[in-house]
Structure formats: structure tokens, C-alpha cells
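Before any comments, here is the structure.
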Amino acid sequence: MILIIDDDVAVRASLSLLLKQAGYATVQAANQPEALQAAAKHRPQLMLMDMNFSMETTGEDGLQLLGQLKKLYPAIPVILITGWGSINLAVEGIKAGASDFITKPWNNDYLLQAIRTAIDLSLPAREAATDKLTRKKLDELYDFSMIVGEDAGLLQVLRNVGQISATDASILIEGESGTGKELIAEAIHKNSHRAKAPFVKVNLGGISASLFESEMFGHRRGAFTDAKADRVGRFEMANKGTIFLDEIGELDLSSQVKLLRVLQDRTYEVLGDSRSRNLDIRVICATNRDLREMVLEGKFREDLYYRINLITVRLPALRERPQDIPLLVQHFVNNLKKTYHKQELEVSAKALAWLKEQPLPGNIRELKNLVERTVLVSGKSLLTEEDFMNQMQGGLRKQEDKALPSVGAMTLDELEASMIKKSMAHYNNNVSKVAKALGVSRGSLYRRLEKFNIPYDAAE
């Protein structure tokens with residue numbers, strides 16, 4: 001049962017017909033008293049509510065009713081319907097407890113998908129919270145073959161990932177650089193009903209504002225000066241499947257507006273072609289930045305923030321799951337045995353114990369690089385604590401002999417520029433290695449090189 005709340009009888013009739021054709025029973029309400037009465041009588045699975053359901057257009061009436069409904073029925077999801085010009089109002093509704101918002105005129109397929117997702121997410125978890133969670137149980141339910149670890153915190157993340165994979169909810173994956181955000185995104189796709197459809201990865205940090213539309217939406221030949229052939233955009237490549245937008249915190253404000261329109265309406269236009277195209281797609285975003293802080297600073301749109309994080313998955317840093325370090329080391333060593341044809345490779349128990357105590361600010365990526373570097377440089381079959389120590393000391397992370405500048409001696413920009421220059425010198429201007437060592441993408445590093453006017457072929 002779905003409760004439709006709207007003062008426009010034509011809108012109620014249209015939504016009721018659409019939902020009945022999709023197999024949902026409906027009940028209608030034209031105003032606040034009717035809505036409260038219907039909710040109490042029918043206890044609907046979901047409520048679909050227009051923000052302006054009276055002659056007033058401020059939305060205050062909608063926010064007031066939303067507050068009453070969420071107080072009385074906190075477990076029942078509410079999807080708001082609003083005009084594009086009232087998205088700020090919808091954002092206020094999300095803060096007040098609504099699960100999602102749809103803009104008018106709505107796309108029927110996308111509306112139905114949003115309803116299914118909201119209902120699925122409101123259902124009780126498949127496993128009781130009191131059940132003892134084990135990796136074996138999770139592997140029986142989901143395919144997490146690409147993810148290594150048995151830490152309790154990680155297992156809880158994986159259980160949540162498995163449960164939300166079955167829905168089409170937009171997901172924001174948060175975590176430090178090197179924590180495995182891309183692997184989690186792939187796991188969500190593999191465990192979803194879209195598993196056989198495309199999984200398209202996009203590093204937004206490597207796409208400039210001028211190329212954003214062409215890269216994401218595609219273009220027709222002749223659409224602009226250098227458009228010498230048709231180009232298929234990333235969204236079209238991912239249609240029917242999943243698109244993974246990595247480093248979304250690097251996106252400039254103008255591109256954020258364009259992305260919001262696509263995510264909201266599930267339609268886009270190819271450059272040079274005025275025909276709108278529909279999208280059936282699942283969106284997963286990832287960032288190592290604090291988007292909430294960026295919203296407060298005016299660097300990230302609040303409406304886009306609420307659009308992309310219907311569900312938030314936070315990945316623990318490696319220092320929060322040290323018991324998994326030996327498992328990861330053994331996993332990397334097993335892979336290196338095949339890569340370098342060294343079946344006799346082993347790691348001593350003392351070395352594993354020492355690695356568990358290291359902070360590893362680069363997380364899994366840093367650990368992987370350290371293991372491979374140690375294998376290559378030592379040339380030994382048995383890797384000892386000393387072998388790993390030598391490589392750790394030779395890397396960028398060894399800073400004991402270089403004290404940080406005193407507070408006020410230099411700005412953050414100056415400190416960042418200095419580290420990039422030292423890294424470029426250390427790696428002989430190899431941009432790929434510098435980007436990996438600093439935990440950023442090549443695109444992000446290139447932008448910083450330009451920002452600080454650091455020549456690509458010069459090192460200090």
C-alpha cells in the first residue's frame with residue numbers, strides 16, 4: 001500500500017494509475033488531515049508526498065506534515081515530489097527524514113525504481129543483528145572473493161554492502177586513499193541484479209571541466225572544433241549497469257550542476273544532438289574527502305550530496321583492522337609468486353608482527369607496494385622484518401629525520417607544493433609513481449603541478 005499526498009487531483013490520479021499498473025495498491029490524500037488519517041488507518045509501505053500540497057508554495061506546509069509523519073511513523077519511507085526550482089526545499093525535506101526526492105515532471109521508470117529501492121531498504125535485515133557474523137557466513141550469501149579480511153568492522157561493512165547490493169540505491173563510499181573503495185563498488189555491482197551488465201569506472205579527478213560533458217555524455221562529429229568523430233559517453237556505456245564515479249569530491253561546481261541533472265532526471269543529451277536519452281543506471285560514488293565539510297565551505301552542492309548518498313558506506317583504515325594485515329600480506333605474496341615465478345616466497349612471523357604495528361597511512365595500496373618492493377629488492381625467498389624495514393625507511397613515509405615546520409612558518413599550499421617537489425625528485429619525475437606514493441590520481445597530481453607551477457620535467 002502506497003499513500004499519495006497531493007492537492008492536485010490530476011497528479012493523484014496519474015500516480016495512482018502508474019502504481020496500480022506496477023502492482024501497488026494505493027490510497028490518496030489531498031491535504032494534511034486526510035494524510036494523517038490515511039496513514040493511521042492503512043499504515044502504508046511508503047508515502048509519496050508533494051511538498052506544496054496547498055495553495056501556499058513556500059513548502060512550509062509540506063515540511064510540517066513530513067515532520068509529523070516521520071515522528072509518528074519513523075520506519076515508513078517518504079519520497080518527496082517537487083519542481084526543479086524547489087530542490088533546496090527537497091534538501092530540507094531530506095534533512096527532516098525523507099528518504100529520497102523526485103522532480104517534476106518525473107520519469108515513470110525512475111520513479112518506480114526509486115519506490116522499489118526505498119521499500120527494499122526499509123525491510124528488516126536478512127540477518128538478525130544478534131547473529132554472530134563470520135566471513136564464512138558472508139561468503140555463503142554474497143560474492144566477496146576479491147576482498148581480503150576478517151576484521152569484525154570490515155565484516156559489518158561487507159554485510160551492509162551485501163544487503164544494499166540488491167537495491168538500486170545510490171551509494172557513497174567514503175574512506176582514506178588506498179582503503180579499497182573501488183573493490184567495494186565492484187562487489188556491489190557483482191552482487192546486484194545488474195551483475196551481467198556493464199560496470200564503468202570514471203575517475204572524475206582526471207576529467208577537466210571543459211571535457212566533462214564530452215567524456216560523460218558523448219558528442220556528435222562536428223559538435224565542436226576538435227570533434228572529428230562520434231564519441232560514446234560514459235553514461236551511455238554504463239546504461240543498464242552501474243557507473244562508478246570515483247573522486248567525486250574533485251568535481252568543480254559547474255560540472256556538479258550537470259551531473260545533478262542527469263542523476264535527478266535520468267536523462268541526458270549528447271553534445272551536438274538535441275534528443276534527450278533515458279538512462280537505466282545504478283550510481284556509486286567514492287571520495288576520500290569530507291563532503292559534508294565541503295558543503296559547508298560552498299565547494300560541493302548540498303543537493304548533489306543528498307542525491308548521491310542515499311546510503312553511505314565508510315571503509316575502515318588499515319590501522320583500524322591490523323589483524324587483517326597478515327592476511328593481506330599473504331594474499332599479495334601469493335600473487336607475486338605467480339607473477340615472478342617464485343613459488344618459494346615466504347614471510348617470517350616476526351615480519352608479519354612488525355607490519356601489524358606500522359601506521360601505513362597509504363593503507364592497503366601502501367602495504368601492497370611495500371610487499372612488492374621488498375620482494376623485488378631483497379631477492380630473498382624468506383622475507384624478514386629487516387627486509388621490510390629497509391624498504392619502509394627508503395620510502396617517502398620515513399620522515400623522522402625531517403621535522404615538520406613550526407606552526408605559521410608556511411601555509412598548507414606551500415607544504416603541499418614542497419612535498420610534491422620532493423616526491424618528483426625522489427621518483428625522477430615519474431608522475432605515475434609520485435601519484436601512487438602521495439595517494440592521489442594522476443589527474444589530481446597534474447592539476448596540482450599546474451596549480452603550483454611545477455614543471456613536469458624538472459625536479460628540485
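All values below were derived from every heavy atom in this structure, side-chain atoms included, with hydrogens, water molecules and symmetry-related copies excluded.
Residues Thr117 and Asp120 bring no donor and acceptor atom of their side chains to less than 3.5 Å of each other. Between the side chains of Asn334 and Gln330, a donor-acceptor pair is found at a separation under 3.5 Å. Checked by atom type, the side-chain pair Lys338/Gln343 shows no donor-acceptor distance below 3.5 Å. The closest side-chain donor-acceptor pair between Ser441 and Glu247 falls under 3.5 angstrom. Between the side chains of Asn288 and Ser177, at least one donor-acceptor pair of N or O atoms lies under 3.5 Å. In this model, no donor atom of one side chain and acceptor atom of the other lie less than 3.5 Å apart for Asn309 and Ser170. Under the 3.5 Å distance criterion, with hydrogens and angles disregarded, a donor-acceptor pair is assigned to the side chains of Arg159 and Gln156. Looking at Gln264 and Thr103, their side chains do bring a donor and an acceptor atom within 3.5 Å of each other. A donor-acceptor contact closer than 3.5 angstrom is absent between the side chains of Arg301 and Tyr305.
For Lys136 and Asp139, the salt-bridge test fails: no basic side-chain N is under 4.0 Å from an acidic carboxylate O. Of the charged side-chain nitrogens involved, none lies within less than 4.0 Å of a carboxylate oxygen, so that Glu140 and Lys137 do not count as a salt-bridged pair. A salt bridge is defined here as a Lys NZ or Arg NE, NH1 or NH2 lying under 4.0 Å from an Asp or Glu carboxylate O, and Asp109 with Arg266 fails to meet this definition. Using a 4.0 Å cut-off between charged side-chain N and carboxylate O, Arg275 and Glu269 make no salt bridge.
Counting heavy atoms from C-beta on, the side chains of Leu279 and Asp265 never come closer than 4.5 Å. In this structure, the side chains of Ile364 and Phe332 come closer than 4.5 Å at one or more pairs of heavy atoms. Residues Phe144 and Val161 meet the side-chain proximity criterion, which asks for heavy atoms closer than 4.5 Å.
The minimum heavy-atom distance between Ser255 and Ala209, with the atom names listed, is OG-CA, 4.0 Å. Shortest non-hydrogen contact noted between Ile311 and Ala169 is CG1-CB, 4.0 Å. Of all the heavy atoms in Ser444 and Glu250, the pair that sits closest is OG-CD, 3.9 Å.
Listed for the Arg282 side chain is a donor-acceptor partner under 3.5 Å among the backbone atoms of Ser165. Put simply, the side chain of His189 gets close to the backbone of Ala197: a donor and an acceptor are under 3.5 Å apart. At least one donor-acceptor pair under 3.5 Å links the side chain of Asp324 to the backbone N or O of Glu150. With hydrogens and angles ignored, the 3.5 Å screen pairs a side-chain donor or acceptor of Gln45 with a backbone N or O of Met1. Judged purely by atom type and a 3.5 angstrom limit, Arg289 uses its side chain to pair as donor or acceptor with the backbone of Gly249. A donor-acceptor pair is defined here as one N or O able to donate and one able to accept, closer than 3.5 Å; no such pair exists between the side chain of Ser214 and the backbone of Leu211. Checking side-chain atoms of Asn363 against main-chain N and O of Arg365 turns up no donor-acceptor pair under 3.5 Å.
Listed by first and then second residue, the side-chain hydrogen bond (donor to acceptor under 3.5 Å, both in side chains) pairs that reach into residues 190-212 are Asp143-Lys190, Asp168-His193, Asp168-Arg194, Glu182-Lys201, Arg194-Asp280, Ser208-Ser210, sequence neighbours excluded.
For the atom pair CD (Gln163) and CG (Asn160), the distance works out to 6.0 Å, reported to the nearest 0.5 Å.
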Applying salt bridge (Lys or Arg N to Asp or Glu O under 4.0 Å) to Arg319 and Glu357, what does each step give before you reach the verdict?
CA-CA 8 Å; Arg319 62 182 173 276; Glu357 300 299 321; over 6 Å; no
The test is salt bridge (Lys or Arg N to Asp or Glu O under 4.0 Å); show your working for Glu320 and Arg314 and say whether it passes.
CA-CA 12 Å; Glu320 298 174 42; Arg314 181 195 170 275; 2.9 Å; yes
Determine, step by step, whether Lys299 and Glu293 satisfy the salt bridge (Lys or Arg N to Asp or Glu O under 4.0 Å) criterion, reporting the C-alpha distance in whole Å, the side-chain angles of both residues, the deciding distance to 0.1 Å, and the verdict.
CA-CA 9 Å; Lys299 297 178 181 178; Glu293 186 67 27; over 6 Å; no
Could you walk me through whether Thr267 and Ser276 pass the side chain to side chain donor-acceptor pair (under 3.5 Å) check?
CA-CA 6 Å; Thr267 61; Ser276 292; 5.3 Å; no
Stepwise, does the salt bridge (Lys or Arg N to Asp or Glu O under 4.0 Å) test hold for Lys95 with Glu302?
CA-CA 11 Å; Lys95 291 178 180 178; Glu302 188 175 30; 2.6 Å; yes
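Taking a 6.0 Å sphere around NZ of Lys258, one finds it holds more than 12 heavy atoms contributed by other residues, nucleotides or ligands. In the displayed structure, Glu346 atom CD is contacted under 6.0 Å by at most 12 heavy atoms of other residues, nucleotides or ligands. The environment of Lys368 atom NZ is sparse: at most 12 non-hydrogen atoms of other residues, nucleotides or ligands sit within 6.0 angstrom. Within 6.0 Å of NZ in Lys337 there are more than 12 heavy atoms belonging to other residues, nucleotides or ligands.
Ring pair Phe235/Phe217 is parallel by interplanar angle, where below 30° counts as parallel and above 60° as perpendicular.
Arg307 forms a cation-pi arrangement with Phe101, by the criterion of a distance under 6.0 Å to the ring centre and an angle within 45° of the ring axis.
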